[in-house]
Amino acid sequence: MSTAELGSRERQPMVNEGKVEALRRRLSGTLVRPGEQGYDAARAVWNGMIDRRPALIVYCANRQDVTEAVSFARMTGILTAVRSGGHNIAGASLCEGGLVIDLSRMNHVTVDPIIRTARAEGGALLADLDAATQVHGLATTTGVNSDTGLVGLTLGGGIGRLGRKHGLTCDNMVLAEIVTADGQVLNASEHENVDLFWGLRGGGGNFGIVTAITYRLHPLGPTVLAGSVVYEWKRVRDALRLYAEFSAAAPDALCTDAALITMPDGNHGFAISAFYAGSMDEGERVLRPLRQAFTPIADRIGPMSYAQLQKAGDGSFPRGHRFYWKAQFLRQIGKAAADALIDLFPSVPSPKSFFVFQQVGGAIGRVPRAATAYANRGAAYDSFPVAIWTDPAADEANMSWAREMYRALRPFAMDGVYVNNLGDEGDDRVKAAYGENYDRLVTLKRKYDPDNFFRLNQNVRP
Ligand SMILES: Cc1cc2nc3c(=O)[nH]c(=O)nc-3n(C[C@H](O)[C@H](O)[C@H](O)COP(=O)(O)OP(=O)(O)OC[C@H]3O[C@@H](n4cnc5c(N)ncnc54)[C@H](O)[C@@H]3O)c2cc1C
């Protein structure tokens, strides 16, 4: 059974009214049920394709609420989803007829600027972490859309601009606090529950509800060199070759993502967004080839605030729109792969959609593959078509385009897939996501969640 089916197919037990009201009374946070005020807003997630009606949504105010909700779910046998930022592409954090344990109100971040760590509660968004850390001129790797859930992102790995210099988000995890399926509260670090600490760095939401993570921070900003250049479509082959060569030779401090896009005037184009985690002068020098090889039609690279940069992509992913993507990792972008994408891209049905390369490598690739549960260390790019549209009647056309783009690139791609970008794609893809670490994750799952209580995720079966 796959993620989305798990969310909708399981028959749910009748939950006794008295038990629900008793739970409500015990919570410091709130409980929302169908028919109650705010229910429709409470069941909305980022992807407008996901339309499910949970029986109960618990907004936890603190860790005690999380343990109350878990013990209620164990007692009643109700299917349980865990939600932080609500960004999962397949809507794994929302279930039909079940319980949603929502941590979005637990979003406090505290920073220790002396030892350079930040402790973020389980429902913090990327923006919450960036806001709190940038006050001290500090940062750690996170993703490119500031209202993504930080813990959801971290548990699957965490790919972002600082990754090539400082590793994945999960590589910067120092301590995780977790409520397990039996209601225990555990710490996981290099010193405590070391096996669990290994599994939480890439094994997704399989082992429990993470109520807080402490991260290692690094000096950065507040001003950094970043921005994008855009090339016109008639130069797309040259521009994509330039990107492939330029990014392959990049120093760790440089991260470049790129996208085939449709511009506001309706023409297609190719955009490279660059970020340099170092001095301005050095960055200007490193980025010169992007401007000099041939002239871009737009050049918006310059000094900007890191916190602002981290929000710059938000407009490209409007909450509530319909989204579909299929991701795969690449070791390089060869000519045949580039040609296949360039030939197919113009059939894109929606001008909001794009095809993106997200650069990884650098420090991410130097962490030994068995050191954490995150398996795909050898990749140079994550790559995927991002289909975005609003009309449900256009679902098939948009999803078909994305699938064709994915298929066109398949012969050139690696076997693995980024667990956080995996949709409802079946067991083989789940195994591909965890790769050679899968068996060890199964052993861990048997220890910490033998009944598979936490199963609405890219599931490791005990
Ligand atoms: C617009 C957009 C941009 C993105 N950009 C990036 C990016 O740049 N880099 C990157 O690495 N990823 C990126 N992602 C993918 C993102 O990391 C995943 O979707 C991630 O799961 C989002 O976490 P969430 O808390 O927002 O999601 P939710 O839907 O709330 O949760 C998803 C799953 O995460 C688990 N989970 C969430 N919170 C907890 C918790 N506190 N304890 C235990 N399990 C939990 C659960 O299994 C849950 O089903 C992006 C996603 C979107 C939609």
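Note that ligands are numbered from 1 as they come in the structure, with each ligand's atoms numbered from 1 the same way.
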If you measure from CD on Q359 to CD1 on I364, what distance do you get to the nearest 0.5 Å? 9.0 Å
Please write down residue, atom name and distance for the protein heavy atom closest to atom 11 (O) of ligand 1. Y418 OH, 2.5 Å
Taking atom 46 (C) of ligand 1 as the reference point, report whether a protein heavy atom occurs under 4.0 Å from it. yes
I'd like to check which ligand 1 atoms, numbered from 1 as shown, lie under 4.0 Å from a non-hydrogen atom of L456. 47 (O), 49 (O)
Taking only non-hydrogen atoms of N457 and a 4.0 Å limit, the atoms of ligand 1 in range are 47 (O)
Determine the interplanar angle of the Y243 and F357 rings, folded into 0 to 90°, and report it as parallel if under 30°, tilted if 30 to 60°, perpendicular if over 60°. tilted
Nearest protein heavy-atom contact for atom 15 (C) of ligand 1: which residue, which atom, what distance? N420 O, 3.6 Å
Can you figure out which of V151, T148, L422 has its heavy atom closest to atom 4 (C) of ligand 1? T148
Would you mind listing which atoms of ligand 1 come within a distance below 4.0 Å of any non-hydrogen atom of I209? 42 (N), 43 (C)
Over 12 foreign heavy atoms within 6.0 Å of CG, D391: yes
Is Q358 near ligand 1, meaning one of its heavy atoms is under 4.0 Å from it? yes
Closest to atom 6 (C) of ligand 1 by heavy-atom distance, out of T142, L125, L153, is L153
Contact check, G86 vs ligand 1, heavy-atom distance below 4.0 Å: yes
Six-ring centre of Y324, R322 cation under 6.0 angstrom, axis tolerance 45°: no
For ligand 1, which part of F454 has a heavy atom less than 4.0 Å away: the side chain, the backbone, both, or neither? neither
Tell me whether the rings of Y374 and F329 are parallel (<30°), tilted (30 to 60°) or perpendicular (>60°). perpendicular
Of the backbone atoms (N, CA, C, O) and the side-chain heavy atoms from C-beta on, which set of F323 has a member under 4.0 Å from an atom of ligand 1: side chain, backbone, both, or neither? neither
Using 30° and 60° as the class boundaries, would you call the ring planes of F354 and F317 parallel, tilted or perpendicular? perpendicular
Are F270 and F355 close enough, and set up right, to give a side chain to side chain contact (heavy atoms under 4.5 Å, CB included), and what steps lead you there? CA-CA 10 Å; F270 181 67; F355 183 96; over 6 Å; no
Quick one: look up the protein heavy atom nearest atom 39 (C) of ligand 1 and list residue, atom name and how far away it is. S84 OG, 3.6 Å
Nearest neighbour of atom 43 (C) of ligand 1 from the list A92, G205, G208, C60, on a heavy-atom basis: G208
Below the 3.5 angstrom mark, is there an N/O of G85, backbone or side chain, next to an N/O of ligand 1? yes
Counting from 1 in the order shown, the ligand 1 atoms closer than 4.0 Å to a non-hydrogen atom of N145 are 1 (C), 2 (C), 3 (C)
Closest protein heavy atom (residue, atom, distance) for atom 14 (N) of ligand 1: N421 OD1, 4.2 Å
Heavy-atom nearest neighbour in the protein, as seen from atom 31 (O) of ligand 1, with distance rounded to 0.1 Å: S93 CB, 3.9 Å
Ligand 1 contact by G157, heavy-atom criterion under 4.0 angstrom: no
Look at the aromatic rings of F345 and H268 and report parallel, tilted or perpendicular, splitting at 30° and 60°. perpendicular
For ligand 1, which is the ligand I care about here, please tell me if I89 has any N or O atom under 3.5 Å from one of the ligand's N or O atoms. no
Can you establish whether the number of heavy atoms outside R410 located under 6.0 Å from its atom CZ is more than 12? yes
Logged contact type for V144 with ligand 1, heavy-atom cut-off 4.0 Å, is both
Run the numbers for me: atoms of ligand 1, each under 4.0 Å from some heavy atom of R83, listed by number. 30 (O)
R43 with E96: basic N within carboxylate O range, under 4.0 Å: no
Below 3.5 Å, N or O to N or O, backbone or side chain included: is there any such pair between G149 and ligand 1? yes
Pull out every atom of ligand 1 sitting under 4.0 Å from any heavy atom of G143, numbered as shown with elements. 7 (C), 8 (O), 9 (N)
W325, any N or O under 3.5 Å of ligand 1 N or O: no
Please could you name the atoms of ligand 1 that V82 approaches to less than 4.0 Å, counting only its heavy atoms? 39 (C), 40 (C), 45 (C), 46 (C), 48 (C), 49 (O)
For G122, counting its heavy atoms only, list the atoms of ligand 1 lying under 4.0 Å from any of them. 41 (N)
What protein heavy atom lies closest to atom 44 (N) of ligand 1? Include the residue and the distance to one decimal. L155 CD1, 3.4 Å
D171 and its salt bridge (Lys or Arg N to Asp or Glu O under 4.0 Å) partner, picked from R366, R164, R377, R201: R377
Any side-chain donor near an acceptor of the partner, N187 and N193, under 3.5 Å: no
Is a salt bridge present between E190 and R216, judged by a nitrogen-to-oxygen distance below 4.0 Å? no
Is the shortest N/O to N/O distance between W46 and ligand 1 below 3.5 Å? no
Nearest-neighbour protein heavy atom for atom 23 (O) of ligand 1, which is reported as residue plus atom name and distance: G152 CA, 3.4 Å
Crowding at CG, D415 (>12 non-hydrogen neighbours, <6.0 Å): no
Examine the side chains of D314 and S146 and answer whether a donor and an acceptor come within less than 3.5 Å of each other. yes
Give me the one residue out of V151, V82, L103, V66 that meets side-chain contact (heavy atoms from CB on, under 4.5 Å) with V210. V151
Looking only at protein heavy atoms, which one is nearest to atom 9 (N) of ligand 1, and how far off is it? I159 O, 2.7 Å
With distance as the sole criterion, is a donor-acceptor pair present between the side chains of E177 and T211 under 3.5 Å? no
About how many Å separate CD of Q308 and OG1 of T223, when rounded to the nearest 0.5 Å? 9.5 Å
Using a plain distance cutoff, I'd like to know if V210 has any nitrogen or oxygen under 3.5 Å from a nitrogen or oxygen of ligand 1. yes
I need the C95 SG to I50 CD1 distance, nearest 0.5 Å. 12.5 Å
Please state which option from H87, M106, Q458 has its nearest heavy atom closest to atom 52 (C) of ligand 1. H87
